[in-house]
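A short write-up of the structure that comes next.
What you see below is based on every heavy atom in this structure, not just the backbone, and it leaves out hydrogens, waters and symmetry mates.
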Amino acid sequence: MLSDNIKKGVERAPNVSLLYALGLTREELERPIVGIVSSYNEIVPGHMNLDKITQAVKDGVRAAGGTPIMFPAIAVCDGIAMGHIGMKYSLVTRDLIADSTEAMAIAHQFDGLVMIPNCDKNVPGLLMAAARVNVPTIFCSGGPMLAGHLRDGRRTCLSHMFEAVGAYHAGTLDEQGVEDYTENACPSCGSCSGMYTANSMNCLTEALGMALPGNGTIPAPYSARLRLAKLTGMKIMELIKNNIRPRDIMTEAAFHNAETVDMALGCSTNTMLHLPAIAHEAGVSIDLDRANGISAHTPNLCHLAPAGDTFMEDLDRAGGVYAVMKELTRKNLLDTSLITATGETVAANLENVKNLDPEIIRPIEKPYSANGGIAVLRGNLAPDGCVVKQSAVAPEMMVHEGPARVFDSEEEAIAAIYAGKIAAGDVVVIRYEGPKGGPGMREMLNPTSAICGMGLGESVALITDGRFSGATRGASIGHVSPEAASGGNIALVHEGDLIAIDIPRCKIELRVSDAELAERRAAWVCPPPKVTTGYLARYAKMVSSADKGAILEV
């Protein structure tokens, strides 16, 4: 056992004395020691129940003959961090989580790990750590929030809440209406109830093979989530016994499966940052453009919020991620020979799975669209690519051309939107919000929600070198690379320039000649850094562009 490095032989007697100080017995030290990486805290709604999940996992480990020992991982609630300086600290935590988990796992020589995440950067951060440490590892998330219900009975969620603020500023919703959403949009613990980033990543953890079935969809308040946690604790002992490690599971073919499931589910655009970063840690290279190749032959089977009016609890009832994967196998779109954290292959996992509700999970011959949920666009505005959740774009905005309305920060843009200065047909450009320029690549949920809430979601596009929440809908195009702070062409856009967007053709063009762009570039001066001290300043110096996953480059 790896843990023998801290507990076997006379030379390790000092180490053992400290393990005894924890109250561990000789009998417990004779068993495999399993690190339980708990993201429990009291500020993130998706994590407030993780103490119970953690206890259930520990019970499962003990039942199967292991010794569980918990240590923590941090997590940020993107919704609470949204719209202020706090959002600069969201994406950057992904690397803090990976680094700190690596340090704890290797320093203490755990024989295996159970990761207990739930929210946006916490899940990919722990997947990165799992690939990096590469001891037997399995995931058990905290589960999604239930959908809310307004006073009139309509179901609601966090994306509706943000759009309600825009509706208020447009004069179409009064304060009492806003309060109705405020009180009812988030009715329980769990990751927010639509196919937002947290739920996208928890579902893709199943698709990658790193979690048991139901991990992405069983609602947080359900007792089935506790049973899943106990089974996960038991399963890690099998993975340790059989020496099945993350890099055995997270192969290039597994990432191809995950991207395919991503397209079918209609996941958050943030997956285009996280999957490459996780793959990088696993020694696998993911090119951004391959997303379009996968999308071209992967139908979009689900329209969960914000793309539609169904929620994670509906997907769970319909059969969950495995039911989506089963549909994809009907056209041989997945590699089913791969080993997973169940100890079985994908084929074995899916053998008895059925799609229980074809209204929630469309049969593969009757999809929402023939193409997947995400598209990567290229052109002179984004030579290295940009990303849009095409499954959440109104049909009339799939092709659009309009004048640029240029802002150098999210705050400037949101003020103009609320002041009624954005008109139908405009293309809002928000720059200097990328990984380096932000720094931290803030999510633009407030501006996009304001646009939709004010009735402009079918007539206004938004382009940014920042990123979007999974709760964003509309013609919202992010991850523009190279970013403005690195001298990308988005820095050269002038007020009123025409921008042409053609999502079906994966094109985005700034209607300005090469000669004019060269003149502008000669005159361009990069603004001074927005942050010059602390972790964000260090992050800005090390982070790669978004098209590479915003990874930290050594």
Q) What residues, two or more places apart in sequence or in another chain, satisfy side chain to side chain donor-acceptor pair (under 3.5 Å) together with Asp309? A)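 With sequence neighbours excluded, Asp309 shows a side chain to side chain donor-acceptor pair (under 3.5 Å) to no residue whatsoever.
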Q) Under the salt bridge (charged side-chain N to carboxylate O under 4.0 Å, His left out) test, which residues partner Asp95, sequence neighbours left out? A)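 So Asp95 forms no salt bridge (charged side-chain N to carboxylate O under 4.0 Å, His left out) with any residue.
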Q: Can you sort out the partners of Glu351 under salt bridge (charged side-chain N to carboxylate O under 4.0 Å, His left out), two or more places apart, ordered by chain and number?
A: none
Q. With a 3.5 Å cut-off and no angle check, do the side chains of Thr472 and Thr448 form a donor-acceptor pair?
A.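 The criterion, which ignores hydrogens and geometry beyond distance, is satisfied for Thr448 and Thr472.
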Q) Hey, are Asn355 and Glu327 close enough side-chain-wise for a donor-acceptor pair under 3.5 Å? A)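 Yes - a donor-acceptor pair under 3.5 Å links their side chains.
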Q: Using a cut-off of 6.0 Å, state whether more than 12 heavy atoms not belonging to Arg290 lie near its atom CZ.
A: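 Yes, CZ of Arg290 has more than 12 neighbouring heavy atoms, counting only those of other groups under 6.0 Å.
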(Q) For Lys230, is the NZ atom crowded, meaning more than 12 foreign heavy atoms sit under 6.0 Å from it? (A)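 12 or below, so no.
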Q: Just do the side-chain hydrogen bond (donor to acceptor under 3.5 Å, both in side chains) check on Thr197 and Asp78 with the steps written out, would you?
A: CA-CA 10 Å; Thr197 303; Asp78 279 18; 6.0 Å; no
Q: Check side chain to side chain contact (heavy atoms under 4.5 Å, CB included) between Thr310 and all other residues, then give those that pass, not counting sequence neighbours.
A: Leu304, Asp314, Ile360
Q) For Lys331, what residues pass the side chain to side chain contact (heavy atoms under 4.5 Å, CB included) criterion, not counting sequence neighbours? A)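 Partners of Lys331 under the side chain to side chain contact (heavy atoms under 4.5 Å, CB included) test: Leu333, Ile364.
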Q. Counting distance only, does the side-chain N/O of Asp547 pair as donor-acceptor with the main-chain N or O of Pro482 below 3.5 Å?
A. no
(Q) Using a strict threshold of under 4.0 Å (side-chain N to carboxylate O), is an ion pair present between Lys235 and Glu238? (A)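 The answer is yes: the pair qualifies as a salt bridge.
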Q.
Less than 4.5 Å apart, side chain to side chain, heavy atoms only: is that true for Cys386 and Ile463?
A.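 Not touching, per the 4.5 Å side-chain cut-off.
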Q: Walk me through it: do Ser268 and Ser200 pass the test side-chain hydrogen bond (donor to acceptor under 3.5 Å, both in side chains)?
A: CA-CA 6 Å; Ser268 163; Ser200 294; 5.0 Å; no
Q. Which is it for Asp59 and Gln55 under the side-chain hydrogen bond (donor to acceptor under 3.5 Å, both in side chains) test, yes or no, and what are the steps along the way?
A. CA-CA 6 Å; Asp59 290 344; Gln55 185 58 54; 3.0 Å; yes
Q: To the nearest 0.5 Å, tell me how far Phe255 CZ sits from Leu275 CG.
A: 7.0 Å
Q.
Angle between ring planes, Phe110 versus Phe71, binned at 30° and 60°: parallel, tilted or perpendicular?
A.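 If you compare the ring of Phe110 with that of Phe71, the planes turn out parallel.
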Q | Of all pairs that satisfy side chain to side chain donor-acceptor pair (under 3.5 Å), the ones with a partner from residues 358-370, not counting sequence neighbours | A | Arg330-Glu365
(Q) I'd like to know whether Thr269 forms a side-chain hydrogen bond (donor to acceptor under 3.5 Å, both in side chains) with Lys389, so could you lay out the CA-CA distance, the side-chain angles of the two residues, the decisive distance to 0.1 Å, and finally the verdict. (A) CA-CA 6 Å; Thr269 52; Lys389 186 173 182 176; over 6 Å; no
